[in-house]
Amino acid sequence: MSTVNSSNIDHLWLLLMGFPGADDLNNTNIWMSLPLCSLYLLSISGNCLILLLIKLDKQLRDPMYLLLSMLATTDLCLTFATLPTTMSVFLFDARRIHFFACLTQLFFIHMLCAMESSILVAMAFDRYVAICKPLQYASILHPIISKIGLVALLRCFCLHFAVPFLLRILPFCDKQVLSFAFCYHTDVMKLACADTTITSTYNLVVVITTYPVDAIFILLSYIMILKNIQNRAQQGEGLKALNTCVSHLCVVMLFYIPLISLSLASRYGQKDSILLRVLLGGILLVVPPALNPMIYSIKTKQIRNALRKRFWVAKLGN
């Protein structure tokens with residue numbers, strides 16, 4: 001197998017995979033495309049609905065809902081980052097992707113995942129202020145909410161900006177097969193025909209300075225929330241206050257559990273665990289964007305009221 005160096009990489013194409021062994025089963029990809037299409041449609045419609053409600057309803061102007069709109073926007077972008085290649089593989093069996101297109105997709109996938117993690121931290125801080133300092137909630141968060149979003153975006157962009165360039169300078173063999181239906185950093189890096197210590201180390205530093213740090217801040221926020229609730233438990237306000245955190249906790253678990261599992265499986269999993277990595281990758285990038293709007297719509301009273309009001313007005317108009 002010949003090697004393609006960095007000066008001749010313009011002609012390098014990679015081959016995306018759906019599920020291992022799918023080529024041996026005639027209808028596997030078609031059947032898998034049905035739930036994937038459903039999840040993508042649910043993600044696009046659900047997040048667009050959340051954004052529309054927040055824009056139209058003047059009662060949804062608290063920092064919590066502005067952060068929710070940032071989360072919905074990130075989920076939409078993440079959906080559109082993976083949708084083209086995933087649907088091409090499972091609907092049309094179109095598996096080839098140019099190396100530069102792969103690097104572009106890889107950059108946006110990893111940056112948007114980091115952005116989602118950053119927004120979850122901001123939402124944890126929002127819940128801490130709302131529960132522990134309710135009288136100062138608006139004065140603390142309103143002036144800084146846009147700055148929080150901007151800092152999160154700049155942080156994620158700067159951390160991941162160098163990743164595609166570090167992969168770009170590596171030599172790759174001319175026939176390469178990826179494990180997923182999208183481009184994932186560890187998966188692409190393993191295809192290099194050279195030492196990847198620098199790229200691997202940089203990626204590890206980015207991961208460590210993003211997700212564990214964010215998880216620690218989320219954990220600290222909830223420790224302080226629980227301490228505050230414990231002090232107010234005798235007045236019967238503890239459970240009521242904690243109930244406002246249920247949606248956020250569900251979204252955090254929905255994001256972090258597959259993320260941690262995929263990271264561990266990609267770095268330490270055996271070759272025969274490729275199916276597990278593919279499933280975890282699909283769950284991480286497709287399921288949270290689809291379910292996050294449902295979680296907040298079901299568990300948040302103000303959003304439910306906004307939905308009822310909009311649909312009731314529409315019904316009366318007809």
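Below, all heavy atoms of this structure are taken into account, side chains as well, without hydrogens, waters or symmetry copies. As the structure is a computational prediction, the values presented were derived from the model and not from experiment. Numbers here simply count residues along the sequence, with the first being 1.
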Asker: Under the ring-ring contact (aromatic ring centres under 6.0 Å, His included) criterion, do H248 and Y222 qualify, and how do the steps go?
Answerer: CA-CA 11 Å; H248 180 254; Y222 277 102; 5.7 Å; yes
Asker: Once rounded to the nearest 0.5 Å, what's the spacing between atom CE of M64 and atom OG of S247?
Answerer: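 Answer for the CE-OG pair, M64 versus S247, is 6.0 Å.
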Asker: Let me confirm one number: the CG-CE distance from L167 to M189, rounded to the nearest 0.5 Å.
Answerer: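 If I round to the nearest 0.5 Å, the distance is 7.5 Å.
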Asker: If the plane angle is over 60° it's perpendicular, under 30° parallel, otherwise tilted; pick one for H98 and W13.
Answerer: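 It falls in the perpendicular class, over 60°.
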Asker: Work out which heavy atom in L191 is nearest to a heavy atom in V177; give both atom names and the distance.
Answerer: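 Reported closest heavy-atom pair: CD2-O, 3.7 Å.
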Asker: Count the heavy atoms belonging to other residues, nucleotides or ligands that lie under 6.0 Å from CZ of F217, then report whether that count exceeds 12.
Answerer: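 Count not over threshold, so no.
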Asker: When clusters are formed by joining ILVMFWY residues with side-chain heavy atoms under 4.5 Å apart, either directly or through shared neighbours, do L49 and I298 land in the same one?
Answerer: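 No, L49 does not connect to I298 through the hydrophobic network.
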Asker: Between R127 (side chain only) and A122 (backbone N and O only), is there a donor and an acceptor less than 3.5 Å apart?
Answerer: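 A pair under 3.5 Å: no.
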Asker: Write out all pairs satisfying ring-ring contact (aromatic ring centres under 6.0 Å, His included) with one or both partners inside residues 115-142, taking only residues at least two apart or from two chains.
Answerer: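 Applying ring-ring contact (aromatic ring centres under 6.0 Å, His included) to every pair that reaches into residues 115-142, excluding sequence neighbours, yields nothing.
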Asker: Give a yes or no on whether the ring-centroid distance for H185 and F107 is below 6.0 angstrom.
Answerer: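 They do not qualify: ring centres at least 6.0 Å apart.
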Asker: On a heavy-atom basis, which atom in T74 and which in L112 lie closest, and how many Å separate them?
Answerer: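 Here T74 and L112 meet closest at CG2-O, 3.5 Å.
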Asker: Mind checking the CG-CD1 spacing from L150 to I145? Nearest 0.5 Å is all I need.
Answerer: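 It is 12.5 Å, given to the nearest 0.5 Å.
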Asker: List the residues meeting side chain to side chain contact (heavy atoms under 4.5 Å, CB included) with K301, not counting sequence neighbours, and say none if there are none.
Answerer: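 Side chain to side chain contact (heavy atoms under 4.5 Å, CB included) check on K301 returns R304, N305.
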Asker: Counting N and O atoms only, with roles assigned by atom type, does the side chain of T104 sit under 3.5 Å from a partner on the main chain of F100, one being a donor and the other an acceptor?
Answerer: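 Yes; judged by distance alone, with no hydrogens or angles, the pair exists.
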Asker: Does CG in L220 sit with more than 12 non-hydrogen atoms of other residues, nucleotides or ligands closer than 6.0 Å?
Answerer: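 Check passes, neighbour count above 12.
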Asker: Show your working on side-chain hydrogen bond (donor to acceptor under 3.5 Å, both in side chains) between Y184 and S179 and close with a plain yes or no.
Answerer: CA-CA 9 Å; Y184 183 69; S179 303; over 6 Å; no
Asker: May I have the step-by-step check of side chain to side chain contact (heavy atoms under 4.5 Å, CB included) for S43 and V286, ending in yes or no?
Answerer: CA-CA 8 Å; S43 174; V286 179; over 6 Å; no
Asker: Do L178 and L15 come within less than 4.5 Å of each other through their side chains, counting heavy atoms only?
Answerer: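 A side-chain contact is absent here, since even the closest heavy-atom pair is not under 4.5 Å.
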Asker: Rounded at 0.5 Å granularity, tell me how far OG1 in T73 sits from CD in E116.
Answerer: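 Here the interatomic distance stands at 11.0 Å.
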Asker: If you compare all heavy atoms of L103 against all heavy atoms of P164, which two are closest, and at what distance to 0.1 Å?
Answerer: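 Looks like CD1-O, 3.6 Å.
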Asker: Consider only side-chain heavy atoms of I, L, V, M, F, W and Y, link residues closer than 4.5 Å, and tell whether L135 and I225 are in one cluster.
Answerer: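 Different clusters.
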Asker: May I ask you to test the I303-L68 pair for a side-chain heavy-atom distance under 4.5 Å?
Answerer: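 I303 vs L68: side chains touch.
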Asker: Going through the distances and angles, do Y65 and T300 end up as a side-chain hydrogen bond (donor to acceptor under 3.5 Å, both in side chains)?
Answerer: CA-CA 10 Å; Y65 304 108; T300 306; over 6 Å; no
Asker: Does the side chain of R155 come under 3.5 Å of the side chain of S118 through a donor N or O and an acceptor N or O?
Answerer: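 A donor-acceptor contact under 3.5 Å links the two side chains.
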